[in-house]
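Worksheet: the structure to be examined is printed underneath.
All residue numbers refer to positions in the sequence shown, counting from 1. Only heavy atoms go into these numbers, but all of them, side chains included; no hydrogens, no water, no symmetry mates.
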Amino acid sequence: MRVQPPTRFRRLIATYGPVLVVLLLGAIALVGMAQERQRAASVAHTQRVQLALERTVSTVRAAESRQRGFLLTGDSSYLVPYRSAHALVRAQIDSIRVLTADNPAQQGRVAGLRSVIEQRMGRLNQTLEIASARPAAEVELAPGRELMQELQDRVSIMEAAEDSLLEARINASTRQARFTLFLVLFATLLAGLLALLGNMILADYAERQEAVSADLEQQKDELRRTTLDLERRTRAAEEANRAKADFLRAMSHELRTPLNAIGGYTQLIDLGIRGPVTLEQKADLARIARSQRHLLSLINDILNYAKLEAGRVSFELERIVIQDLINAVDEMVEPQMASKGIHYTCDAGIDNLAVIADREKFVQILLNLLSNAIKFTPAGGAIDMTVIAEGDFVAVRVSDTGPGIPADRQVAIFEPFVQVDRTLSATAEGTGLGLSISRELAQGMGGDLVVKSRPGEGSAFTLTVPAADPAGLDESPVEPIAEHAVTPDSGLPES
């Protein structure tokens, strides 16, 4: 059962009427606040002008007092505050001129005030010049009472002008405040009436809405049934994951064991333990060994990806000197580089540079990056490994002179089972899991793996991991730090 909503006109009244009135009240309140601020600013302005006038008169009197003290005592220490009073009184007059900039009448009075003060200060200076030619005690004090009286009169006129201006502003603001109060009362009454009308409309609509409560209950029942069905499907998915784990465990045993046996027997035959081997047979055995290692690598990639996907890979984080890891990796890849005539350089950075990482996983990532670089770098090309300390992280960059990666493929290559176009290299074999696994392992250790590449200019893969000593390196022995993301044994074999 569907309840018809109120008519459009009623909806507009109920919805927007009180809101508009409230907005009107808010606007009126803002105007009132602005007027109050203006009133307060007028009072404060008048007070600042009057205070500046009082300070100016006080400074002139202080200059007279310091001059008189010097003439009576001959103590030159009175001259320091006397000379300071000269600079101060000029600054005070400038301040008064700025404060009254919006009042031409007051500006004219400021000019007259400045003239009187300059005359008085000039007479004080003349007296001091006379005192410098003969003993201070013999100098008669220059009369200045008439100038000081004129100064006081001019200040009184300016203060009275400020008071009159302030009173006029307050009266105008008071009239405006009364008008604002009337608007507030009227708008409040209107808002109350509109709110009452809106409540009546909404109450009628709410009463009719109760008629559909039965439909809502029925929908809740359907939602509960849907939830139960979803739970059943979730359990089925979990059972499927367990079945996949069982399958991977069986595949590990059934495929890796015979592959390892093939590799072992190939080595035995190649060593001549089973009898003499011809050169042609050695070449065949080498092909068999390469195929065995390639197939075993593919199976290991699939198993590693399955464990990462299931979240069952543990990270044993420890402090490791990065030079040790690079030395171990170099020994594994140098024969492959030498066979292709690739020029390889390595800059391990700062001595004893250490990282917080899982030793096995870190080596696995470096091996994968270097193997990819060897795979895609043509014979006679170059591969460069650089280690850089960057704040709280250490970056290991592996650059090559291969064909590069198009910009639209640089994100996809980190997805599982994705490879760059195989036409770029005749040897681009594999499952497409290596970079996906490497990034997952890097992120699991608190770092990341990114790429920068341009077609025809090679590629640069950068592995970042947390630095062990971001504030300063030392040569302390390597000790285990922590074990991260440890989960119950998945039953999958280690690769």
Side-chain angles (χ1 to χ4, degrees), residues 245 248-249 252 256 293 296-333 346 348-349 353-375 385-390 392-398 413-417 430-451 460-470 477-495:
L248 291 175
R249 182 169 57 251
S252 171
R256 293 180 60 178
R293 289 193 297 270
L296 187 61
S297 174
L298 297 181
I299 294 173
N300 286 338
D301 282 347
I302 294 173
L303 293 175
N304 286 334
Y305 176 73
K307 288 192 290 184
L308 283 170
E309 189 181 41
R312 296 182 176 180
V313 175
S314 62
F315 294 84
E316 296 183 0
L317 304 180
E318 58 179 320
R319 184 183 184 279
I320 306 170
V321 177
I322 203 167
Q323 181 66 61
D324 298 340
L325 303 181
I326 292 177
N327 292 339
V329 172
D330 287 349
E331 294 176 359
M332 300 180 192
V333 298
C346 177
L353 184 62
V355 296
I356 299 297
D358 183 303
R359 182 183 298 271
E360 178 184 351
K361 309 261 183 327
F362 193 94
V363 170
Q364 181 179 347
I365 297 172
L366 289 186
L367 277 176
N368 185 38
L369 296 180
L370 288 171
S371 298
N372 281 349
I374 294 170
K375 183 190 301 182
M385 183 190 294
T386 306
V387 181
I388 306 171
E390 299 179 343
D392 294 339
F393 290 86
V394 173
V396 182
R397 184 174 295 112
V398 177
I413 60 173
F414 291 103
E415 298 297 327
F417 306 107
T431 60
L433 290 172
L435 290 176
S436 175
I437 292 173
S438 296
R439 172 173 276 186
E440 291 284 348
L441 293 178
Q443 293 175 348
M445 293 186 291
D448 202 359
L449 178 63
V450 297
V451 64
F461 287 84
T462 302
L463 166 66
T464 57
V465 290
D469 309 295
V478 177
E479 296 180 357
I481 301 294
E483 185 168 331
H484 174 63
V486 178
T487 60
D489 184 12
S490 64
L492 299 177
E494 294 295 333
S495 58

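- In the model, N327 has no side-chain atom that pairs as donor or acceptor with a side-chain atom of E331 under 3.5 Å.
- Side-chain contact between V465 and F362: present, with at least one pair of heavy atoms (C-beta onward) separated by less than 4.5 Å.
- Taking the side chain as every heavy atom from C-beta outward, F461 and I413 approach each other to under 4.5 Å.
- Distance check, rounded to the nearest 0.5 Å: CD of Q364 to CG of L369 gives 10.5 Å.
- In this structure, the separation between CG on L449 and CD1 on I437 is 12.5 Å, given to the nearest 0.5 Å.
- Taking CZ of R319 as the start and CD1 of I322 as the end, the distance is 11.5 Å to the nearest 0.5 Å.
- To the nearest 0.5 angstrom, M332 atom CE is 5.0 Å from L367 atom CG.
- Nearest heavy atom pair, residue A442 against residue L463, reads CB-CD1, 3.5 Å.
- For the residue pair C346 and I326, the shortest heavy atom distance occurs at SG-CG2, 3.5 Å.
- In plain terms, the two heavy atoms of I365 and S438 that are nearest each other are CD1-O, 3.6 Å.
- For T386, the side chain to side chain donor-acceptor pair (under 3.5 Å) partners two or more places apart in sequence, or in a different chain, are D384.
- Contact annotation: the side chain of I356 never approaches that of E318 to less than 4.5 Å [non-hydrogen atoms, C-beta and beyond].
- Atom CG of L317 sits about 9.5 Å away from atom NZ of K361, to the nearest 0.5 Å.
- Residues E316 and D358 share a closest heavy-atom pair of N-OD2, 2.8 Å.
- In this structure, G447 and P466 approach most closely via the heavy-atom pair N-CD, 4.4 Å.
- Residues F315 and E440 approach most closely at CZ-O, 4.5 Å, considering heavy atoms.
- To the nearest 0.5 Å, atoms CG (L353) and CD1 (I320) are separated by 12.0 Å.
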